[in-house]
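A short write-up of the structure that comes next.
If you read the sequence from its start, that first residue is 1, and numbering goes on from there.
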Amino acid sequence: MSEPITVTDAADPRLSDYTDLTDVELRRRREPAEGLFIAEGEKVIRRALAAGFRMRSMLLTAKWLGVMGDVIAETDAPVHLVEPALAEQVTGYHVHRGALASMERKPLPTAAEVLDGARRVAVLEGLVDHTNLGAIFRSAAALGMDAVLLSPDCADPLYRRAVKTSMGAVFSVPYARLDPWPDSLAAVREAGFELLALTPSGAEDFTVAKSHLLPRAALMLGAEGEGLTPKALAAADQRVRIPMAHGIDSLNVGAAAAIAFYAVNHG
C-alpha cells in the first residue's frame, strides 16, 4: 500500500509527470520519449490498470481518496495529494475528475502481431485530432473491430485527450503503426484482408458492397475534411460509402467510423 503524501509546491519534481498537460506539442514529444502517458478519471485509471499498464504515480485531490482507496491500497506507486488549485497550476487546466495517474507505456506490437487472428481491422490515415481518434477507438471496441492500424502521421492514441474520449478503449483494442506508408498496406492484403476505402467518391454503398460477408476486411479511413489520400485510395481493393440523404455528402470521421464498423460486421 502507498501512503498518500501531501504536496504543496507546484515546482516539486515529484509532480513533473503532470506538468503542462495542455501543451499538446510538448506532451506529444515528451510522453513517448519518457515512456509514460496520463490516465484521467477513475474509470480510465482502473481500465489502464486492468489492461496491465504499470502505474508510475497518482495525483489526487482529497475528495477522491475514498473513491480510489482500493487502488491506493494495491499500488506501491507514490500517491500525491494536492489541493485543486495546485492541480490546476501544475497541469494547466481545472482537473474536473480530480484523479490523474501517470502510467508506463508498453512496447508497441508490430502490425503482423495485431493482424494475427483478426478478422476486422480499422486502418487510419492522417488522423491528428485526438478527440476523433479517441472516438474511433471507442467505436472500434464497441462494434467488434479486432485491431487498429495507424499511418505514421496519426496522433498518439495514449495522449490524454484521446484516452479520455475513448473512455479507456485504447487499452482494449490492439493497435500498431504501418510504416512505410502506404507501401505497408501490401502486407495487410498479403495477410488475407480486403482493403476497403471509405470515401464518398466513386464508391459503392455498404448495402451493395456486402462487406460483412468478407472473411477478412480492413476498413480504411482518412482525416477529417481531406479524407484518404490518392495514394491510399489507389492501394484499396474496393471503395465503399455510407448512403446519405438530404444532400449531405459526408459525416464527421468519428460518426462515419462507427457506422462503417457496424456495416462491415453486420451489413
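The shortest side-chain heavy-atom distance between M55 and L49 falls under the 4.5 Å cut-off. Side-chain contact between V7 and L15: present, with at least one pair of heavy atoms (C-beta onward) separated by less than 4.5 Å. For the pair R239/E204, no side-chain contact is recorded, criterion being any heavy-atom separation below 4.5 Å from C-beta on. The shortest distance between side-chain heavy atoms of Q238 and E194 falls below 4.5 Å. Residues V71 and M58 meet the side-chain proximity criterion, which asks for heavy atoms closer than 4.5 Å. The shortest distance between side-chain heavy atoms of H266 and L143 does not fall below 4.5 Å. Side-chain contact check for L21 versus L100: some heavy-atom pair is nearer than 4.5 Å. V264 is listed as a side-chain neighbour of L196, based on a closest heavy-atom distance under 4.5 Å.
Counting only N and O atoms by type, the side chains of S57 and Y18 include a donor and acceptor under 3.5 Å apart.
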Working for side-chain contact (heavy atoms from CB on, under 4.5 Å), residues T22 and T91: CA-CA 7 Å; T22 56; T91 63; over 6 Å; no
Could you walk me through whether R105 and D156 satisfy the salt bridge (charged side-chain N to carboxylate O under 4.0 Å, His left out) test, starting with their C-alpha distance in whole Å, then the side-chain angles of each, then the deciding distance to 0.1 Å, before giving a yes or no? CA-CA 12 Å; R105 290 177 182 245; D156 178 12; 2.5 Å; yes
Going through the checks in order, is the side-chain contact (heavy atoms from CB on, under 4.5 Å) test met by L81 and I5? CA-CA 6 Å; L81 185 62; I5 302 169; over 6 Å; no
Show your working on side-chain contact (heavy atoms from CB on, under 4.5 Å) between L36 and R56 and close with a plain yes or no. CA-CA 8 Å; L36 68 92; R56 290 163 57 109; 3.6 Å; yes
Go through the steps to decide whether V44 and K164 satisfy the test side-chain contact (heavy atoms from CB on, under 4.5 Å), and finish with yes or no. CA-CA 7 Å; V44 172; K164 182 179 177 181; 5.5 Å; no
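By the neighbour-count criterion of 12 heavy atoms within 6.0 Å, atom NZ of K43 is sparsely surrounded, having that number or fewer from other residues, nucleotides or ligands.
F53 and F37 have perpendicular rings, their planes meeting at more than 60° on a 0 to 90° scale where under 30° would count as parallel.
Considering only residues two or more places apart in sequence or on other chains, S151 meets the side chain to side chain donor-acceptor pair (under 3.5 Å) condition with D153. Every residue meeting the salt bridge (charged side-chain N to carboxylate O under 4.0 Å, His left out) condition with E42, not counting sequence neighbours, appears here in chain and number order: R46. Every residue two or more places apart in sequence or in another chain was checked for a salt bridge (charged side-chain N to carboxylate O under 4.0 Å, His left out) with D116, and none qualifies. With sequence neighbours excluded, the residues satisfying side chain to side chain contact (heavy atoms under 4.5 Å, CB included) with D146 are A118, R119, R120. Residues satisfying the side chain to side chain donor-acceptor pair (under 3.5 Å) criterion with Q89, sequence neighbours excluded, are absent altogether. The side chain to side chain contact (heavy atoms under 4.5 Å, CB included) check on E83 picks up nothing, with sequence neighbours excluded. T229 is linked by a side chain to side chain contact (heavy atoms under 4.5 Å, CB included) to E125, K231, A232, counting only residues two or more places apart in sequence or in another chain. With sequence neighbours left out, the side chain to side chain contact (heavy atoms under 4.5 Å, CB included) criterion links A218 to V121, V123, V188, F193, L195. Among residues two or more places apart in sequence or in another chain, the side chain to side chain donor-acceptor pair (under 3.5 Å) test is passed with D9 by none. Applying the side chain to side chain donor-acceptor pair (under 3.5 Å) rule to D205 yields the partners R241; only residues at least two apart in sequence or on another chain are considered.
Residue pairs meeting the side chain to side chain donor-acceptor pair (under 3.5 Å) criterion with at least one member in residues 24-37, sequence neighbours excluded, are T19-R30, E25-R28, R27-E31, R30-E34.
Taking hydrophobic clusters as Ile, Leu, Val, Met, Phe, Trp and Tyr residues chained together by side-chain heavy-atom distances below 4.5 Å, I259 shares a cluster with L133. L158 and V173 fall within a single hydrophobic cluster, where Ile, Leu, Val, Met, Phe, Trp and Tyr side chains are chained together by heavy-atom contacts under 4.5 Å. Hydrophobic clustering (ILVMFWY, side-chain heavy atoms < 4.5 Å, transitive): L185 and V114 are in one cluster. When the side chains of ILVMFWY residues are joined at heavy-atom separations under 4.5 Å, either directly or via intervening members, I242 and L214 end up in a single hydrophobic cluster. Criterion: ILVMFWY side-chain heavy atoms under 4.5 Å apart, direct or through other members. Under it, M145 and V148 are part of a common hydrophobic cluster.
The two atoms that bring T199 and A203 nearest to each other are O-CB, 3.2 Å, heavy atoms only. Annotation for I136 and F261: closest pair O-CE1, 3.6 Å, computed over non-hydrogen atoms. Of all the heavy atoms in D17 and S102, the pair that sits closest is OD2-OG, 2.7 Å. Between L60 and A99 the shortest heavy-atom distance is CD2-CB, 3.5 Å. Among all heavy-atom pairs drawn from T131 and D129, the shortest one is N-OD1, 3.0 Å. The minimum heavy-atom distance linking L150 with P157 is given by the pair CD1-CG, 3.6 Å.
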Side-chain donor-acceptor pairs of residues 249-257 under 3.5 Å, sequence neighbours excluded:
unit_1, atom_1, unit_2, atom_2, d
N252, OD1, G254, N, 2.7
N252, OD1, A255, N, 3.3
N252, ND2, N132, OD1, 3.3
N252, ND2, E224, OE1, 3.3

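How far CG of L124 is from OH of Y175: 12.0 Å, rounded to the nearest 0.5 Å. Note that the NE2 atom of H130 and the CZ atom of R161 stand 7.0 Å from one another [nearest 0.5 Å]. With rounding to the nearest 0.5 angstrom, the NZ atom of K63 is 13.5 Å from the CE atom of M68. Rounding to the nearest 0.5 angstrom, the gap separating the CG atom in L149 from the CG atom in L178 is 4.5 Å.
Panel note: side chain S166, backbone V163; a donor-acceptor pair is recorded below 3.5 Å. When atom types are taken as modelled, the side chain of T165 and the backbone of A162 share no donor-acceptor pair closer than 3.5 angstrom. Looking only at distances, a side-chain donor or acceptor of H80 sits under 3.5 Å from a matching main-chain atom of R14.
Using a cut-off of 4.0 Å between Lys/Arg side-chain N and Asp/Glu carboxylate O, D179 and R177 are scored as not salt-bridged. A salt bridge is defined here as a Lys NZ or Arg NE, NH1 or NH2 lying under 4.0 Å from an Asp or Glu carboxylate O, and E40 with R160 meets this definition.
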